[in-house]
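Heads up, the thing below is written out as structure tokens.
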Amino acid sequence: MSDPLLSIDDARALILDEVRPRAPEALAVERALGRVLAQDVTAAQDVPPFAGSAMDGFAVRSGPAGRRLRLIGESRAGTPFTGEVGDGEAVRISTGAALPTGADAVLQQELVQDGSAEIVLGDAVEPGRNVRGPGEDLRAGARVLHRGRRLGPADLGVAVHAGLAALDCAPQPRLAVLATGDELRPPGTPLGPGQIHDSNRVTLAALAEREGCAVALARQVPDDAAATRAAIAQALAAADVVVLSGGVSVGPHDHVKPALAALGVEERFWRVALRPGKPTWFGVAGDTLVFGLPGNPVSAMVTFLLFVRPAIAALEGVVDAAVPGQVRLGEPLARDPRRDACVRVRIEGGLAYPTGPQGSHVLSSMSLADGLAVVPRGEGELAAGAEVELIGI
Ligand code: AMP
Ligand code: MG
């Protein structure tokens with residue numbers, strides 16, 4: 001009998017099919033850290049733009065040791081010497097100052113007997129010594145940053161060197177988190193009978209921020225049909241991506257699916273051949289992506305990493321999104337006959353070992369983990385040494 005549940009890959013393909021990136025926006029470079037480039041960046045000129053000195057010292061013509069040279073001026077950073085350096089002449093020069101015409105080397109201060117009008121060179125000087133050539137960093141016309149790159153601090157500096165003050169970037173996805181459940185209490189508050197602390201609101205918002213989103217809204221929602229509808233309507237108005245946790249199964253107090261249907265959010269799939277994370281729901285309202293993640297804290301995080309994270313990356317046009325690696329199991333692992341399992345593993349000596357009990361409520365199994373090992377469904381055990389996909393967390 002064929003398996004009625006969607007595979008992880010098929011579920012992800014259905015999600016990526018619905019991603020509609022928004023038009024890029026121009027951002028001042030100072031505002032672009034962590035944003036994804038929507039343009040290629042080309043250097044407008046050579047960087048450095050001129051031949052300059054790498055040292056404080058004297059600009060000279062290359063030649064033998066023991067020469068006496070007449071000091072004819074100074075080249076400072078930002079204020080070049082305008083004359084020409086001839087044989088028997090030298091110009092005092094600072095680090096970063098332009099090399100004067102006629103000079104082809106710099107002798108550092110320490111190697112020179114320094115008089116006020118004359119210097120004596122202790123060393124022979126070869127051409128190009130202590131000179132930074134134009135274009136050693138960036139060549140005029142070269143593509144120095146590529147579309148789809150998430151910008152780090154050095155990238156912003158490279159864009160500045162390339163001549164730009166603003167960059168076209170993908171708009172930051174706005175993401176809303178709705179944590180459903182009557183049992184949920186805010187962090188730090190005392191718990192009454194049957195109550196638990198709401199960790200999903202915090203972990204899901206943190207995952208979203210780490211992936212580059214602006215968290216437009218993050219709140220708890222009681223298990224009540226009208227309250228669930230109102231909260232989803234609020235989230236749809238505020239966000240490009242709505243992430244719900246809990247309430248997506250078929251219990252009498254699971255209001256998420258009927259509320260989504262009532263608001264016209266179109267279901268694309270419900271349930272994936274995944275453990276933990278089987279009840280995952282996905283749908284769309286216009287261009288807004290809506291995820292109903294299971295409430296168990298590990299399930300919520302695993303399904304965010306597997307499904308929401310790639311959707312965010314696609315929304316932003318990320319080109320270098322992390323590709324899963326491979327890892328060998330350090331010990332045999334039981335397989336689920338019908339569902340692929342995401343086992344939280346730590347890596348020791350290049351091998352993957354489960355981080356203790358793997359229940360979907362055991363959130364410490366996630367915080368101790370280096371990654372998720374994907375153990376394909378099947379009969380019996382997967383042997384120690386078997387190679388599996390490793391997903392970064
Ligand atoms: P549900 O998917 O609503 O049936 O919830 C499944 C399990 O996850 C239950 O044990 C819930 O108490 C728990 N759970 C649901 N939401 C959260 C949350 N925001 N933080 C921590 N645990 C939760
Ligand atoms: Mg619930």
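In listed order, ligands and their atoms are each counted from 1.
No more than 12 heavy atoms of other residues, nucleotides or ligands lie within 6.0 Å of CZ in R31, so this atom counts as exposed by the packing criterion. Shown here is R68, whose CZ atom has no more than 12 heavy atoms of other residues, nucleotides or ligands within 6.0 Å. Surrounding NE2 of H253 are at most 12 heavy atoms belonging to other residues, nucleotides or ligands under 6.0 Å away.
The proximity of L184 to ligand 1, defined as any non-hydrogen pair under 4.0 Å, is limited to the side chain. When non-hydrogen atoms are compared, ligand 1 lies under 4.0 Å from the backbone of S199 as well as from its side chain. Residue-level proximity to ligand 1 for Q220 is absent, since no heavy atom of it falls below 4.0 angstrom.
Between atom 7 (C) of ligand 1 and the options N296, L363, V202, N200, the minimum heavy-atom separation is to N296. Heavy-atom proximity to atom 4 (O) of ligand 1, evaluated over V221, D198, D254, V256, is greatest for D254.
Distances between N or O atoms of R201 and those of ligand 1 include no value under 3.5 Å. At under 3.5 Å, a nitrogen or oxygen of G247, whether backbone or side chain, sits near a nitrogen or oxygen of ligand 1. On a distance-only criterion, G295 and ligand 1 share at least one N/O pair closer than 3.5 Å. In terms of polar-atom proximity, defined here as any N/O pair under 3.5 Å, S249 makes no such contact with ligand 1.
The ligand atoms of ligand 1 that sit less than 4.0 angstrom from a heavy atom of E183 are 11 (C), 12 (O), 15 (C). Near H197, meaning under 4.0 Å from any of its heavy atoms, are these atoms of ligand 1: 20 (N), 21 (C). Within ligand 1, counting atoms from 1 as listed, the ones closer than 4.0 Å to a heavy atom of T180 are 16 (N). The distance from ligand 1 to the heavy atoms of P297 drops below 4.0 Å at these ligand atoms: 21 (C), 22 (N).
Comment: R377 does not engage D336 in a salt bridge, judged by the lack of any side-chain N to carboxylate O separation of less than 4.0 angstrom. A salt bridge between D123 and R129 is present, with a side-chain N of the basic residue lying under 4.0 Å from a carboxylate O of the acidic one. The pair R139-D46 meets the salt-bridge criterion, since a charged nitrogen lies less than 4.0 angstrom from a carboxylate oxygen.
A side-chain N or O of Q108 and one of N130 form a donor-acceptor pair less than 3.5 Å apart. Side chains of R201 and Q220: a donor-acceptor N/O pair is absent below 3.5 angstrom, by distance only.
Side-chain contact between V248 and T180: absent, with no pair of heavy atoms (C-beta onward) separated by less than 4.5 Å.
The protein heavy-atom contact nearest to atom 22 (N) of ligand 1 is I196 CD1, 3.3 Å.
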